[in-house]
Amino acid sequence: MDALLQDILWRDHDPDVPGTCGTPGCSKAATTRCIECYQHQPLCRECTSERHRNLPLHWVEVWNGRYFKRTDLSALGLEIHLEHRGECCPHATLDSPARDFVIAHHNGVHQCKVRYCFCPTSPKPLSQLVRAGFFPPTVDRMETAFTLEVLDDYILDFDISKKSAQDYWRRLVRKTNDSLRALTTVLQDRYRQFMRAARVFRYLVMLKRSGIALGVVFPYRDPKSVVFPCLICPWPKVNLLRGWRDVPAFLRFLFRHVESMDGNYGMYHKLKAADINDVPLTDGQGVFMGSQRLLELTEKWEEACKTVAECLYFLQEYLCNDFKVRRTQRVGKFKSKDISGIISAVCNHITFTFGATLNLITTETYVFSVLELTVSGLMRLSATFSWTAVQPPPSTVR
């Protein structure tokens with residue numbers, strides 16, 4: 001243990017500092033070392049900045065005479081030049097100074113200086129940042145950006161550990177400066193920008209992976225869908241061989257598409273102040289039914305209910321009577337909630353169906369309208385597949 005401890009302590013100092021810069025031909029004092037480059041070599045400030053022209057988000061340590069102080073490369077004079085692979089734009093002038101940016105990376109939050117390209121054929125500043133791997137949370141005043149690596153890392157971390165965005169951001173702040181004082185600095189103000197950028201980036205990744213961004217169209221699938229389909233369920237022209245319609249009667253069950261529906265009262269939404277300008281990015285593209293189609297079907301259902309109100313009330317009273325669900329789900333239980341649960345449809349491989357998930361408004365008294373709307377989504381799926389040659393119908397609701 002003592003030997004291992006000494007080896008760890010050995011990394012906290014460098015016998016070559018202070019000394020001569022390790023760059024051949026340079027005789028300046030070596031006062032800087034990079035803590036992210038493998039087996040770093042002490043260099044002078046100018047050589048460290050030059051070697052990190054394409055690695056601007058590394059952390060470096062500078063010897064101040066007493067100890068190594070962690071700092072950004074921008075403090076050494078490094079500037080990030082866009083569109084020229086690290087080189088300065090030939091059309092840049094003295095009237096175009098470097099812009100101060102706060103860039104969050106997976107190793108922390110950095111204070112950087114960025115220079116745009118001013119060539120006549122250069123894209124807009126927003127495109128220059130994204131092409132360089134920096135994703136801004138706004139298009140108006142771009143002073144903050146998040147690397148594509150940190151956004152990818154956040155999505156993966158959230159999907160696996162279910163860690164909140166605030167915890168992830170606090171982790172980045174602590175990696176920047178491992179002290180409690182860092183949590184109250186200006187870096188914390190970028191939390192809302194991080195939330196906005198992560199939301200938009202996740203949606204763009206969905207468009208990319210679904211094939212919409214590349215114009216990929218799958219047979220018998222809604223071209224707007226970003227939902228990952230079930231690759232096990234029978235899918236014509238995808239995983240079915242030719243001649244599947246001509247199979248004997250006793251094998252037709254192999255090509256049956258089964259859908260199951262169920263509700264979940266645990267997934268409720270409490271009444272709270274919300275941004276009225278906030279809109280869903282995947283409206284009509286995800287597992288929830290699109291707002292426009294939902295409005296049309298709801299109006300159709302309300303019109304139909306006027307003629308069968310008494311029959312509907314009688315049926316609702318005895319719905320799920322065996323499990324007493326109707327009696328336990330009283331309206332008062334959901335007094336502080338605007339959504340009391342959801343009802344959704346999945347295939348028998350537990351994959352959610354596109355456009356077949358809806359919100360419950362007033363417990364199970366709303367379930368009949370929701371049932372019809374959800375079934376309408378399933379029927380659209382069944383009609384899309386056009387399984388007219390196989391009996392019984394492939395889409396079976398249970």
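Start at 1 with the first residue, then count along the sequence.
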Q: Only one of Cys47, Pro42, Ser27 passes side-chain contact (heavy atoms from CB on, under 4.5 Å) with Cys21; say which it is.
A: Cys47

Q | Identified side-chain contact (heavy atoms from CB on, under 4.5 Å) partner of Ile103 from the options Ser74, Pro56, Cys112, Pro136 | A | Cys112

Using a 4.5 Å cut-off on heavy atoms from C-beta on, say whether the side chain of [Y] contacts that of [X].
X: Phe135; Y: Val200; answer: yes
X: Thr32; Y: Leu76; answer: yes
X: Asp100; Y: Glu143; answer: no
X: Phe101; Y: Ile80; answer: no
X: Glu50; Y: Thr23; answer: no
X: Gln193; Y: Thr138; answer: no
X: Glu259; Y: Thr353; answer: yes
X: Asn359; Y: His269; answer: no

Looking at every non-hydrogen atom in both residues, tell me the closest pair between [X] and [Y] and how far apart they are.
X: Phe118; Y: Ala92; result: CD1-CA, 4.3 Å
X: His52; Y: Cys34; result: NE2-SG, 3.3 Å
X: Tyr116; Y: Cys89; result: O-CB, 4.3 Å
X: His84; Y: Cys119; result: NE2-SG, 3.5 Å
X: Cys37; Y: His58; result: SG-ND1, 3.6 Å
X: Val346; Y: Ile350; result: CB-CA, 4.3 Å

[X] [atom1] to [Y] [atom2] distance, which is reported to the nearest 0.5 Å:
X: Ile232; Y: Cys347; atom1: CD1; atom2: SG; result: 7.5 Å
X: Arg131; Y: Leu126; atom1: CZ; atom2: CG; result: 10.0 Å
X: Asn54; Y: Arg85; atom1: CG; atom2: CZ; result: 9.0 Å
X: Asp262; Y: Ile343; atom1: CG; atom2: CD1; result: 7.5 Å
X: Ser336; Y: Lys272; atom1: OG; atom2: NZ; result: 12.0 Å
X: His91; Y: Cys117; atom1: NE2; atom2: SG; result: 8.0 Å

Check for me, please, whether [X] and [Y] land in the same ILVMFWY cluster - side-chain distances under 4.5 Å, paths through other members count.
X: Val114; Y: Leu57; value: yes
X: Phe68; Y: Val62; value: no
X: Leu5; Y: Trp10; value: no
X: Trp63; Y: Leu43; value: no
X: Met267; Y: Val227; value: yes

Expected list for residues 201-218: side-chain donor-acceptor pairs under 3.5 angstrom, two or more places apart:
unit_1: Tyr203; atom_1: OH; unit_2: Leu281; atom_2: O; d: 3.4
unit_1: Tyr203; atom_1: OH; unit_2: Gln285; atom_2: OE1; d: 2.7
unit_1: Ser210; atom_1: OG; unit_2: Met206; atom_2: O; d: 2.9
unit_1: Ser210; atom_1: OG; unit_2: Leu207; atom_2: O; d: 3.2

Within a reach of under 6.0 Å around [atom1] of [X], are more than 12 heavy atoms found that belong to other residues, nucleotides or ligands?
X: Lys162; atom1: NZ; result: yes
X: Arg53; atom1: CZ; result: yes
X: Lys69; atom1: NZ; result: no

Q: With side chain to side chain contact (heavy atoms under 4.5 Å, CB included) as the test, would you mind laying out the steps for Arg245 and Phe255 before giving the verdict?
A: CA-CA 9 Å; Arg245 296 179 183 272; Phe255 306 104; over 6 Å; no

Q) Can the ring centres of Phe194 and Trp169 be said to be less than 6.0 Å apart? A) yes

Q: Among Ile, Leu, Val, Met, Phe, Trp and Tyr joined by side-chain contacts under 4.5 Å, find the other residues sharing a cluster with Trp59 and list them by chain and number.
A: Ile35

Q. Should Trp235 and Arg221 be marked as a side chain to side chain contact (heavy atoms under 4.5 Å, CB included) after you check the CA-CA gap, both sets of side-chain angles, and the distance that decides it?
A. CA-CA 10 Å; Trp235 193 349; Arg221 185 191 180 199; 4.1 Å; yes

Q) Between Arg33 and Glu61, does at least one N-O distance fall below 4.0 Å, as a salt bridge requires? A) yes

Heavy-atom donor-acceptor pair, [X] side chain to [Y] backbone, under 3.5 Å:
X: Gln128; Y: Pro123; result: yes
X: Asp72; Y: Gln111; result: yes
X: Thr176; Y: Leu172; result: yes

Q.
Does Val173 form a side chain to side chain contact (heavy atoms under 4.5 Å, CB included) with Tyr191? I'd like the steps, not just the answer.
A. CA-CA 10 Å; Val173 173; Tyr191 166 67; over 6 Å; no

Counting only pairs under 3.5 Å, give me each side-chain donor-acceptor contact of residues 149-160, with atom names and distances, residues two or more places apart or in other chains.
unit_1: Asp153; atom_1: OD2; unit_2: Tyr168; atom_2: OH; d: 2.4
unit_1: Asp157; atom_1: OD2; unit_2: Ser161; atom_2: OG; d: 3.3

Q) Hey, mind stepping through Arg170 and Gln166 against side chain to side chain contact (heavy atoms under 4.5 Å, CB included) and telling me if it holds? A) CA-CA 6 Å; Arg170 288 168 64 91; Gln166 186 177 28; 4.1 Å; yes

